[in-house]
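To keep things clear, I will list the structure first and then write my remarks on it.
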There are 2 protein chains.
Amino acid sequence: MPKQSAALQPHRRLFADRRRNPDAKREAVLHTAVRIFLERSYARTSMDDVATQLNITKPALYHYFRNKEEILVEIYRLGTDLIDEMLGSIEADEKTGLDKVADFIAGYTRIIAGDFGRAVVRLDDGELSKAGRRLVRARKREIDHRLRALIDSGIEDGSIASCDAKIAAFILAGAIHGMASWYKPASPMDLAAIAGQYVRMLAAGLTAGDLPELAGRQTIAPRRFE
Amino acid sequence: MPKQSAALQPHRRLFADRRRNPDAKREAVLHTAVRIFLERSYARTSMDDVATQLNITKPALYHYFRNKEEILVEIYRLGTDLIDEMLGSIEADEKTGLDKVADFIAGYTRIIAGDFGRAVVRLDDGELSKAGRRLVRARKREIDHRLRALIDSGIEDGSIASCDAKIAAFILAGAIHGMASWYKPASPMDLAAIAGQYVRMLAAGLTAGDLPELAGRQTIAPRRFE
DNA sequence: TTGATATCTTACTCGCCGGTCGGATTTGCA
DNA sequence: TGCAAATCCGACCGGCGAGTAAGATATCAA
């Protein structure tokens, strides 16, 4: 049983009387579902779980969504839309590549702090059908490529040290994605402070690509850390 | 049906004749299981899948493991053992904090590139029972704390810029964990080159904690990126 | 050779969950 | 008011997968 937060109450009440606002109800399902999915994972959440939380029964859910997968795909869509929107506004700016990437880091951390952003990162798209998986992964790949383009533009204009943009993008995205595993909305830490340290540390990593004493370091002894 | 790689053949052959080497067979189960779990996820892998891959039937598996969870816990144990061992050897060194962290990054990427390391990071411990989850998460938490200690020591000896070690550890670990999602052992990219860029970029981020022009930057306009 | 034991198989049980069927109840509109 | 459509429910189906029971077969030690 997921803990019942006060924030869910309005969604429950929405379903109290029939015939009202199908769109609002559909949205209510999504908001409730994404919370439970994040808490329990998609696979371990049954349609009954979602329905119960909404104070309805399972078949009622199938009035708003064809199946369980459609709910998940819709969640991904909403989440990736947020990221797309942010990327669009960053790309439109007239800034150096480094500044754009820094803006990306700041914006991305904020999106990941939200439910739908966290869902994009944490929910397992391996649960999807082949078609759904293709769709979702294509969107993720596109986001990755746009981040790489940001980095490349920074390398070109000299604001970012020469490096492999592909790996750099993985490092940036990975670092921020990790947030989805530990960040709790009710966290005592200020989100702005967290985002600030992310920007500082990661942007610094991009500018100082080759500190001589680090570039030449030898790695640890070749023990068999398989 | 998971693709049958040549590397699995020896494990299949091990079970060809009965009564031979229980320890080796147990290990063979683990090696086979971790591969399938990484490909298909733990939840979507049935005991029949594992058994089939080994050329035996499901009940035979229960001769070596009490249940499915025991296999997963054992995989976690082997993976975290690798990390513990590495941390131990790093902690024993007489180096600056930054150098120790750099060694950690290099060693960690190599471990994550292996099956059991990748398993620690990618397999969902939410599938475990309460007891198993407690155990696994305790080990993960301990690793996190030891990394923080490494960072703290670097801040103390001045090799790392002052920052929140907790967040810094999350950033480092997150960046490397991300590798588990895209790295394929048969990758064309040289692992050493990847590890090198990880070390360079992340270590640089730790040394240059406060570039003035970055510290003072204002974040993106406060749109509602929920 | 012969029992004792380990190993492995065939054939089940049982619970869970996505999805559906048919019907009941409401709502809004003519 | 009356009726068509929308909304929702109780009861069910079918499949999947973890785990087990009971027995067959090979191995090893004596």
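Everything numeric here is computed off the predicted structure, so don't read it as measured data. Letters A, B, ... are given to chains in the order of the sequence lines, protein chains preceding strands, and every chain is numbered from 1.
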In this structure, how many angstroms lie between the P atom of dC9(D) and the CG atom of D48(A), rounded?
11 Å
Atom pair distance, as rounded to whole Å: CD1 in I56(A) and P in dG10(D)
12 Å
Value in whole Å for how far the P atom of dT9(C) lies from CG of L54(B):
11 Å
Between atom CZ in R44(B) and atom P in dC16(C), what is the gap in whole Å?
22 Å
Choose from dA11(D), dC8(D), dT9(C) the nucleotide whose nearest atom is closest to any side-chain atom of P59(B).
dT9(C)
Any side-chain N or O of Y62(A) under 4.0 Å from OP1/OP2 of dT7(D)?
no
Please confirm whether K68(A) makes a cation-pi placement over Y42(A), using NZ or CZ under 6.0 Å from the six-membered ring centre and within 45° of the ring normal.
yes
Look at S46(B) and dG17(D) and indicate whether a side-chain polar atom (N or O) is within less than 4.0 Å of OP1 or OP2.
no
Just compare dG19(D), dT7(D), dG19(C) and give me whichever is closest to any side-chain atom of N67(B).
dG19(D)
Please report, rounded to the nearest Å, how far the C1' atom of dC21(C) is from the CG atom of L61(A).
17 Å
Check this one for me: any side-chain N or O of H63(A) less than 4.0 Å away from OP1 or OP2 of dC8(D)?
no
Closest to the side chain of K68(A), out of dG18(C), dC8(D), dT10(C), is dG18(C)
Scan R134(A), K140(A), R133(A) and name whichever one has a side-chain hydrogen bond (donor to acceptor under 3.5 Å, both in side chains) with D125(A).
K140(A)
Would you call E74(B) and R26(B) a salt bridge, using N to O less than 4.0 angstrom?
yes
Integer-rounded Å distance: dA6(D) C1' and N21(A) CG:
13 Å
Side chains of I71(A) and F37(A): does their closest heavy-atom pair fall under 4.5 Å?
yes
Is there a side-chain contact between K58(A) and the phosphate of dT20(C), meaning an N or O under 4.0 Å from OP1 or OP2?
no
Within this structure, what is the CD-to-C1' distance between E127(A) and dG18(C), rounded to whole angstrom?
13 Å
Applying a 4.0 Å non-hydrogen cut-off, can you work out what A60(B) is touching in the nucleic acid: base, sugar-phosphate, or nothing?
base
R66(B) CZ - dA18(D) P separation (whole Å):
17 Å
Assess R146(B) against F104(B): is NZ or CZ under 6.0 Å from the centre of the six-membered ring, and within 45 degrees of the ring's axis?
no
Please work out if F65(B) contacts a base, only the sugar-phosphate, or nothing of the nucleic acid, heavy-atom cut-off 4.0 Å.
nothing
